[in-house]
Amino acid sequence: MTRGILSDKKTGELFFAQTPQSSVVRPKPAVAEEAVVQTRACHHPPFRITSASSRWLDAIAYALPDFLFQIKGDSISTPQTEKKPNKFLEEEEEGGDPPPPSRSDPRSEERKGGKMHSTNLLLEEPIRMASILEPSKASFFPAMTKIVGTLGPKSRAANPISACLKAGMSVARFDFSWGDAEYHQETLENLKLAIKSTKKLCAVMLDTVGPELQVVNKSEASISLEENGTVVLTPDQGQEASSNVLPINFSGLSKAVKPGATIFVGQYLFTGSETTSVWLEVSEVKGDDVVCVIKNSATLAGSLFTLHCSQIHIDLPTLSDEDKEVIKKWGAPNKIDFLSLSYTRHAEDVRQAREFLSKLGDLSQTQIFAKIENVEGLNHFDEILQEADGIILSRGNLGIDLPPEKVFLFQKSALHKCNMAGKPAVVTRVVDSMTDNLRPTRAEATDVANAVLDGSDAILLGAETLRGLYPVETISIVGKICAEAEKVFNQDLYFKRTVKYVGEPMTHLESIASSAVRAAIKVKASVIICFTSSGRAARLIAKYRPTMPVLSVVIPRLKTNQLRWSFTGAFEARQSLIVRGLFPMLADPRHPAESTSATNESVLKVALDHGKASGVIKSHDRVVVCQKVGDSSVVKIIELDD
């Protein structure tokens, strides 16, 4: 029996059709012919799904009644608590539909079927605690959640990078806050060698410096600061850094701060440790100098310390001239996949960065990830999200700008907004202690799992892999925690919430994507295979968080600039490596996407063979395939034989 969900290009309607065939359906019949059979030769009349008749999508009846916190207008409320105004968070939805009258106790309904639901957590009932100790099964894909690793002194050689790729790193981050272009180019060449040796695809992310304030310690001598003492921040970089004077790279600090303002100084952002970070309070301003009282004893070591002024606007461009030079001389020749735009404060920052990239030829395809690091970026989050290709929640600086009790609210609501917009969200600063230790703390392990349950697409590791003692072990442990959290991620409730948020009428592509995920879950497919050229269709499928991997088969396109011919597809394939659950595969352009004969040259067969070789697909498994046939988009279900 072959089943298919077809979409009418003109009306946007979906219709379901099935045709009796042999019990084993092979992928070799011509796709175009199969589509005709599905629509014209079915024994049962097609069941058309319209806005008035969507019975098979029983999951979109109502919104989650026990969502951890409800966001409406300018307020946040928890169940059985009074709403209180909150200036940090906003929500687009002005109201929600009440649950149907028949559902007198939604929570009791959720417990039916032997499962316990709590927001995005799903556990079997009754919970058998001993089962927690059972070892997890090995998988070709370590986790659906991706890991971004920052390459540096401890992880820049070819062998450590190869080990990081095998452990689960899918995006390599190059932080230009330190190191010159030549240094990072050597690291990139080692990355290319590691990719060839491991045969694992890896994307490249360039992280800009932006308006980052820095304390310059040319002598690299340790600086001891004692509690209740005073220290002067001066723009005169000719002075030597000492316990009394700290030269900084910004001449306008004295105009930006006032007595009582809070300033944090530390290395590699802020670990929160009192021995490596110092908290200063401005006591007075003398000309260009700022005199501060030291609030805790600390020892600063190294050549560069980051300086952060809590909730204070710094009048510096988001994309500095130095950043533009690096992008032009290093980013463009290396065709970077992602640009991490540090200290994004307004949507205009993203627009200006995109305009700059568009002038650099191949970088017009580079995706821009807005890095939210302060309250200014938080206040303009919605418009930034609309302009950016993805969001990085930089919890190091942001954790200083926000009151501690508000950090989790921002994380959960920001991830929710990204999920509903279908844009990747990356969370940073999760296992800081693994910079020097082989195991994360209990709180850190729980934090990683919560980031996954909240909807994060990727986890970004900074100092843990840049200068940490255990970069490979860190990636491996974080991947294992992500994989365990994904097993209890409540996909059913997430699907309901997402479909309800999208509303009706859906766009043509959105309806196909949600239908593919729904069909895959209903038939318990082992994998979803999506043919795409731009990557958009595959990302939309991943937006609905299917429980199985999505194999994105990128079909190259031939293009010309009137001087030479080239194929597109490499960018699109690598940019899938930061999206949760999406695993790219670049198709051979000689293989037809729509095979007209049962030949081994079919891209579908190549994809299926790849899935079998990786252990994702086994005999008698069902596979959902999403592709275009002519002007129609087709979702079909195939069952494999031996």
Side-chain angles (χ1 to χ4, degrees), residues 88 147-152 171 173-178 205 207-215 262-280 296 298 300-302 304-312 314 316 318 340-345 369-378 381 384 390-412 414-415 425-437 440-441 443-444 447-448 450-451 454 456 458-468 471 474 478:
F88 296 114
I147 297 177
V148 181
T150 305
L151 301 185
V171 180
R173 173 176 171 257
F174 292 79
D175 187 358
F176 276 81
S177 294
W178 60 274
M205 174 182 285
D207 201 323
T208 64
V209 178
E212 183 175 82
L213 306 188
Q214 298 171 345
V215 176
T262 302
I263 298 176
F264 289 84
V265 179
Q267 190 178 31
Y268 301 104
L269 297 181
F270 313 99
T271 62
S273 169
E274 293 182 357
T275 60
T276 59
S277 302
V278 64
W279 170 29
L280 307 176
N296 65 280
L300 305 178
L304 191 69
F305 317 116
T306 305
L307 183 148
H308 182 82
C309 301
S310 181
Q311 298 195 24
I312 293 174
I314 301 299
L316 287 173
T318 301
S340 172
L341 192 60
S342 297
Y343 293 93
T344 303
R345 294 166 287 185
F369 274 60
K371 207 170 178 184
I372 308 299
E373 306 197 51
N374 52 31
V375 168
E376 198 170 355
L378 185 150
F381 185 86
I384 291 173
I391 296 290
I392 298 176
L393 306 182
S394 183
R395 303 192 306 175
N397 283 336
L398 196 59
I400 294 171
D401 258 19
L402 285 177
E405 67 273 17
K406 300 292 185 181
V407 174
F408 86 98
L409 286 177
F410 169 72
Q411 174 175 313
K412 290 179 182 294
L415 290 177
V426 183
V427 171
T428 69
R429 308 305 301 275
V430 289
V431 285
D432 288 335
S433 71
M434 290 196 72
T435 303
D436 302 308
N437 300 295
T441 66
E444 288 173 339
D447 191 26
V448 174
N450 280 329
D454 288 344
S456 177
I459 302 294
L460 190 152
L461 303 174
E464 302 97 324
T465 56
L466 183 143
R467 63 182 178 90
T474 301
V478 169

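Heavy-atom basis, side chains included; hydrogens, waters and symmetry copies ignored.
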Those residues at least two apart in sequence (or on a different chain) that pass side chain to side chain contact (heavy atoms under 4.5 Å, CB included) with A425 are L415, C418, D457
Sorted by chain and number, sequence neighbours left out, ring pair (Phe, Tyr, Trp, His ring centres under 6.0 Å) with F381 holds for none
- Query: Between T435 and G468, is there a donor-acceptor pair closer than 3.5 Å when you use the side chain of the first and the backbone of the second?
  - Reply: no
Q) Between L213 and C309, is any pair of side-chain heavy atoms under 4.5 Å apart? A) yes
Separation between CD1 (I372) and CZ (R345), nearest 0.5 Å, reads 11.5 Å
In this structure, CG of D175 is separated from CG of L466 (nearest 0.5 Å) by 7.0 Å
All heavy atoms of L151 vs all of W178, minimum pair found to be O-CZ2, 3.9 Å
dist Q214:CD -> L307:CG (nearest 0.5 Å) comes out at 9.5 Å
Quiz item: Okay, side chain of E464, backbone of G462: is any donor-acceptor separation there less than 3.5 Å?
Solution: yes
As a quick check of understanding, evaluate side chain to side chain contact (heavy atoms under 4.5 Å, CB included) for D447 and V427, giving each step before the final call.
CA-CA 10 Å; D447 191 26; V427 171; over 6 Å; no
For S177 and D207, which I'm curious about, is there any donor-acceptor pair between the side chains at under 3.5 Å? no
Between the CH2 atom in W279 and the CD1 atom in I263, the distance rounded to the nearest 0.5 Å is 12.5 Å
Tested for side chain to side chain donor-acceptor pair (under 3.5 Å) against N397, the lone hit among E373, K371, R429 is E373
Sorted by chain and residue number, the side chain to side chain contact (heavy atoms under 4.5 Å, CB included) partners of I147 (sequence neighbours excluded) come out as L461, I475, V478
To the nearest 0.5 Å, atom CD1 of I392 lies from atom CG of L460 at 6.0 Å
Query raised in the report: Would S433 and E444 count as having a side-chain donor-acceptor pair, cut-off 3.5 Å?
Result: yes
In this structure, CG of N437 is separated from CG of D432 (nearest 0.5 Å) by 11.0 Å
Determine whether I314 and Y343 satisfy the following criterion, side chain to side chain contact (heavy atoms under 4.5 Å, CB included), listing intermediate values before the conclusion. CA-CA 10 Å; I314 301 299; Y343 293 93; over 6 Å; no
- prompt: How far apart are the C-alpha atoms of L393 and L398, what are their side-chain angles, what is the distance that settles it, and do they pass the side chain to side chain contact (heavy atoms under 4.5 Å, CB included) test?
  reply: CA-CA 8 Å; L393 306 182; L398 196 59; 5.5 Å; no
_Before you tell me yes or no, could you show the steps for V430 and R395 under side chain to side chain contact (heavy atoms under 4.5 Å, CB included), namely the whole-Å CA-CA distance, both residues' side-chain angles and the distance that decides it to 0.1 Å?_
CA-CA 9 Å; V430 289; R395 303 192 306 175; 3.3 Å; yes
Q) Any side-chain donor paired with an acceptor under 3.5 Å for D401 and H308? A) yes
Per side-chain contact (heavy atoms from CB on, under 4.5 Å), Q311 is matched among N374, L402, T262, V375 by V375
Paired with F369, the side-chain contact (heavy atoms from CB on, under 4.5 Å) test is passed by just one of V426, I391, T344, L341, namely V426
T208 side chain to S342 backbone, donor-acceptor under 3.5 Å: yes
